[in-house]
Every structure is written in structure tokens, then in C-alpha cells.
Amino acid sequence: MWVLSMDQTRTCSKCGPQDISLFRVRSEKSNGVRRTVYRCILCDRKRKHLYYISHAKRFASQHKSWCASNRDRAREIIRKAHHKCRLEAILAYSPTASCSICGTTYLNFLAIDHIDGGGTEHRRTQKIKNISYWLKKNGFPPGFRVLCHNCNFKYGRREQPKKSIYSDEYCEKLRLDRVAFKISVLQAYGNCCACCGTDDTDVLSIDHVDGGGTKHRRKIGFGNAIYKWLRKNKFPSGYRVLCLNCNISIGVHGQCPHRL
DNA sequence: CCTTCTTTCTGAATTCGCTG
DNA sequence: CAGCGAATTCAGAAAGAAGG
């Protein structure tokens, strides 16, 4: 089936002579004799694909049982793949892998930002679940940058305020009221990040020490509800102040680089 | 046949803008 | 002032697809 020639090409019975680099070299045993076999990668891929399609159910159940008996290994593989894809996206938009505003290089802090906003709309219309995979698939298009979570919140949104039906003065008053209320609660919990010590109130947030923040918020309400709830309940323990970088790093990645 | 990579989906961590 | 939905993400599970 696979014909050998003396130069740097091999001949595939289906697609003809090809460069040797397009062949997979493997050792196979036939009639008790082991010999080197060259398989055309493209044809092999096509053949396997057809085989996969016609036996998809069997493959799926085999894979499922493999994952079940190699849980930790399967988890590690997927984690590695996600990290690789994320790093690729970050490096594509920032060769030094750093925040384009403050310059921090802690990978846990970094995220891809839509420069002109509209991230949710973009996700919804393009049905994007994981921005890194989407960017890779689309050849890392322009319009994105790398920001840390703190800068993303502090500058990312302020630069593109929504057009309100109310006057600018009224919106600014609402915002300042909220900020003042937030600061009054933050002061009860130290008013600086319990991890890195930053006291920039624009990036400080309340962290649920034992997790479960989303469930709690769903119960008591979104927005400033958490600050109202804390004040109403006389600033209970189990909460602390963290900046968004440390909060998201601990909440999502499990640990903060400041503690490594 | 076993292992690895890719993609999709769900739920987790937050704050802010708007409206009745 | 209360509450909804928008805004930023990532990890892990599961399924799909491919590699060796």
C-alpha cells in the first residue's frame, strides 16, 4: 500500500508522491516480521475521521469510561489545554504578557478586554463561551488588549459610559452616593486589600471568605445590596476587603500570586 | 486501544448602570 | 431605594475529534 522511494519523498497509493514530512513513521509487525511503515498523515486522518463518524457512540463511551477511571489525569489535561489557549491569547495581544495600563505581569490577574466595549453583545451574537478559544479560531483579530482585573474595572468601563436618559450631573450624583456608601462599609472591614494592601477604593470589593458569594447575592440581591446587607447586619465576620485582582485570583484560580 | 487535544456549557468570583 | 441585567472573567465537566 505504501511504496518506498530512495529520495526524500514517499508515494501514497491514494494521493501520490509526497514529501516524507507528510508521512507518519511507525514500526509495525506483519506476518511475524517487524518493519518500518510510512503512513500518509492526510489519508490516515481522513480514514480515521470516517471510522470515528461511523463508531462515534463506541468512542464516546470508551472515552467516558477512561475519564471516569483517570479522573485526575483527565482534569490535568483539560486544565493544561485551557491554560495553553489562554496564554496564547494573552501573548498575541501583549508579547510581554502584562497589563497594558499598569504593567503587572501576574498571569492570574490578566484578562482580555474588548477595547471598544460591547463584550456581552459580542459574546451573545457570536455565541462565545470562552474568549480565548474564539480569538484563536479567528486568528486573534484587532480590537482587544490585555488588562489586569483592577485596570479593567477602573478604566475599562469608565472610558465608555453608557448614554443615559438622565443628566450627567444626576448620574454622577447617583454614582458618588453609591461610592460613598461603599466606602463607609469598606472602612468597617479595613478599607484596604487584605492581601496586597492597596487602598484604591475604585478596585476594592467585598470577598466572602468561605466562598458562596454568588449564592448569597442571589438571595439578598445584586448591586449595592451586599453593602446594605452588611451594614444592616452590623458588619458580621466572614467577609473581608480584597482588590479585584486578588479576589478573582483567589476565587477563580484558587490562590493569589502575592501569597506564593 | 489508550491518550490527548478541542469545543461547548454551566456556574463561580465580582461591581455598576438603569429604571420603576 | 430595590432589583434586574449588563459588564469583566476562568475552571471544570462532558462531549466531540484526533493522535500515536
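Nothing here was measured: the structure is a model prediction, and the numbers come from that model. Quick note: numbers below take in every heavy atom, side chains included, and nothing from hydrogens, waters or symmetry partners.
When each of C:dC10, B:dC16, B:dT14 is scored by its nearest atom to the side-chain atoms of A:Lys182, the top-ranked nucleotide is B:dC16.
Remark: C1' of B:dC5 and CD of A:Glu88 are 12 Å apart, rounded to the nearest angstrom. C:dC10 atom C1' lies 11 Å from atom CD1 of A:Ile90, rounded to whole Å. At whole-Å resolution of the value, CG in A:Leu87 and P in C:dC10 are 12 Å apart. The CH2 atom of A:Trp229 sits 13 Å away from the P atom of B:dT14 (whole-angstrom rounding). The CD1 atom of A:Ile183 sits 13 Å away from the P atom of B:dT15 (whole-angstrom rounding). The CG atom of A:Leu242 sits 17 Å away from the C1' atom of C:dT8 (whole-angstrom rounding). Atom CZ in A:Phe109 sits roughly 15 Å away from atom P in B:dT14 (whole-Å rounding). Regarding A:Ile53, its CD1 atom lies at a distance of 7 Å from the P atom of C:dA18, rounded to whole Å.
Between A:Cys243 and A:Thr198 the shortest heavy-atom distance is CB-CG2, 3.6 Å.
If you take CG on A:Leu147 and CD1 on A:Ile101, they are separated by 5.0 Å, rounding to the nearest 0.5 Å.
Partners of A:Ser98 by side-chain hydrogen bond (donor to acceptor under 3.5 Å, both in side chains), not counting sequence neighbours, listed by chain and number: A:Thr96.
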Write down the protein N/O and nucleotide N/O pairs, taken from nucleotides 1-3 of chain B, whose separation is under 3.5 Å; answer none if there are no such pairs.
residue	atom	partner	partner atom	Å
B:dT3	OP2	A:Trp66	NE1	2.3

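Two end axes, each from the C1' atoms of five base pairs, can be drawn for the helix from B:dC1-C:dG20 to B:dG20-C:dC1; they diverge by 10°, to 10 degrees.
Looking only at side-chain heavy atoms (C-beta outward), A:Leu91 and A:Leu87 come within less than 4.5 Å of each other. Between A:Ile183 and A:Leu204 the shortest side-chain heavy-atom distance does not fall below 4.5 Å. Put simply, the side chain of A:Ser205 reaches to within 4.5 Å of the side chain of A:Leu244, judged on heavy atoms. A:Leu230 is listed as a side-chain neighbour of A:Tyr239, based on a closest heavy-atom distance under 4.5 Å. Within the 4.5 Å cutoff, the side chain of A:Phe109 has no heavy atoms near those of the A:Asn150 side chain. Side-chain contact between A:Arg145 and A:Tyr93 is absent, with no heavy atoms from C-beta onward closer than 4.5 Å.
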